[in-house]
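Everything quoted here is computed from the prediction, not taken from an experiment. Every chain is numbered from 1, with letters handed out A, B, ... down the list of sequences.
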Amino acid sequence: MNIHHWTGADRRFRVFASPASWIEGASVAQLRLLAGRRGFLSAAAMADLHPGHKGPVGCAIETEGVIHPDLVGTDIGCGMALFALDIEQRQLHIDKAFKALHGLHEAVDAGDRAHQAAIAPDYAPGMGTVGGGNHFVELQVLDDRADEAACDAHGLRRGALFLLVHTGSRSLGPEVLERHGVGERGLDLQSPEGIAYLADHDRAVAFAAANRKLLAETAASLVRGNARLITDQPHNFVEPRPGGRVLHRKGAAPADRGLSPLPGSRGAQSHLLLPEAGPGEALASLPHGAGRKRDRAGMSDRAKDGDRPPRANPLGNRIICADRRMAAEEAPDAYKNIARVLADVEEAGLARSIARFRPIVTFKTAEARGR
DNA sequence: ATGTAC
């Protein structure tokens, strides 16, 4: 194991990344600031670590009985869900699929939306919507099976189509954070305030998972197929742990709930991870993707020099993104190399890839907005 | 991240 501890001798912090991985200094600085948080015990960062608005993204943070809602952030329950389609790549008419997927939001059934949003009816308009930022619905093909037996066990066939869905709880998450917002002091796990936050948090987590399911089912119907859930893993959430501890995950997927998607950028392959025992210092966590290499503002500025964001890319997938600013901010070169992130995961013994997926069509947004 | 802050 050749894992670089960027945080030096302070054993409360671990960064599971090799020296070959680009880790921005600002994100490590944000990580170290967590030591001042009430109840702080330790933090585990992954190779996708990057700076966020209020704190580092790509890490797990454990406290002694204190919930810090601001560390989970606004998009409570945001995560990645992978669904298998009952369609082979060779059966797919790519042009038809590309055209049909433009209508993803319009195709969501009103009754299904209301049903899935029953847990938070006031937020029903957001149910079955992708949202902005790095969210997407992506049609993929399984193009390599590193572990054939594991793939067989889950019915993952080479050449079959899949849907990878990345979205969250839409406007519900921000509302929950604001309502329980407590600055940096946090909430005691056992207090009425802590219990109340957890209840609303859990609703947002469920809402987000329902959103991913509804989007996958709708996208599947647009390509004349049916979606079967392989795995759904949140990466922005908090959970009580044995011994009165609280584990926060901010851009980190759980390593103790089975298979976990590891998406690359929208111009790269994705993987499906099978978690391994791993060291306890990793706080039962995995990276949630490639992680940003360049911030959004920088990417947006670069695009103002007249370059149209590319609709295609080296892997040949087509991207539905009518919002040019979003396309610039989310361009593949804003992200780290997923192969490098995966190598660090495997080297650290956190997980291994059992399958690799190539993007075919990516849905971001069909509405033009930014310039 | 967010029916996009001032």
Could you pull out every donor-acceptor pair under 3.5 Å between side chains of residues 272-284 of chain A and any protein atom, sequence neighbours left out?
unit_1 : atom_1 : unit_2 : atom_2 : d
A:E276 : OE2    : A:R352 : NE     : 3.4

From the 5' end of DNA chain B to its 3' end, which nucleotides mark the outer limits of contact with chain A, defined by a 4.0 Å heavy-atom distance cut-off (strictly under)?
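Contacts span B:dA1 to B:dT4, reading 5' to 3'.
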
Students often get this wrong, so: under 4.0 angstrom with heavy atoms, is [X] touching a base, only sugar-phosphate, or nothing?
X      : result
A:G132 : sugar-phosphate
A:G73  : nothing
A:G126 : nothing

Residues which pass side chain to side chain contact (heavy atoms under 4.5 Å, CB included) with A:A84, listed by chain and number, not counting sequence neighbours
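With neighbours one apart ignored, the set is A:F162, A:R228, A:I230.
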
Holding to side chain to side chain contact (heavy atoms under 4.5 Å, CB included), I want the full list of residues that pass it with A:R296, two or more places apart in sequence or in another chain.
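Residues passing side chain to side chain contact (heavy atoms under 4.5 Å, CB included) with A:R296: A:N134, A:R292, A:E329, A:E330.
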
Mind checking what makes ring pair (Phe, Tyr, Trp, His ring centres under 6.0 Å) contact with A:H180, not counting sequence neighbours?
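With sequence neighbours excluded, A:H180 shows a ring pair (Phe, Tyr, Trp, His ring centres under 6.0 Å) to A:Y197, given in chain and number order.
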
Which residue pairs satisfy the side chain to side chain donor-acceptor pair (under 3.5 Å) criterion with at least one member in residues 53-64 of chain A, sequence neighbours excluded?
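Non-adjacent pairs meeting side chain to side chain donor-acceptor pair (under 3.5 Å): A:E62-A:R245.
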
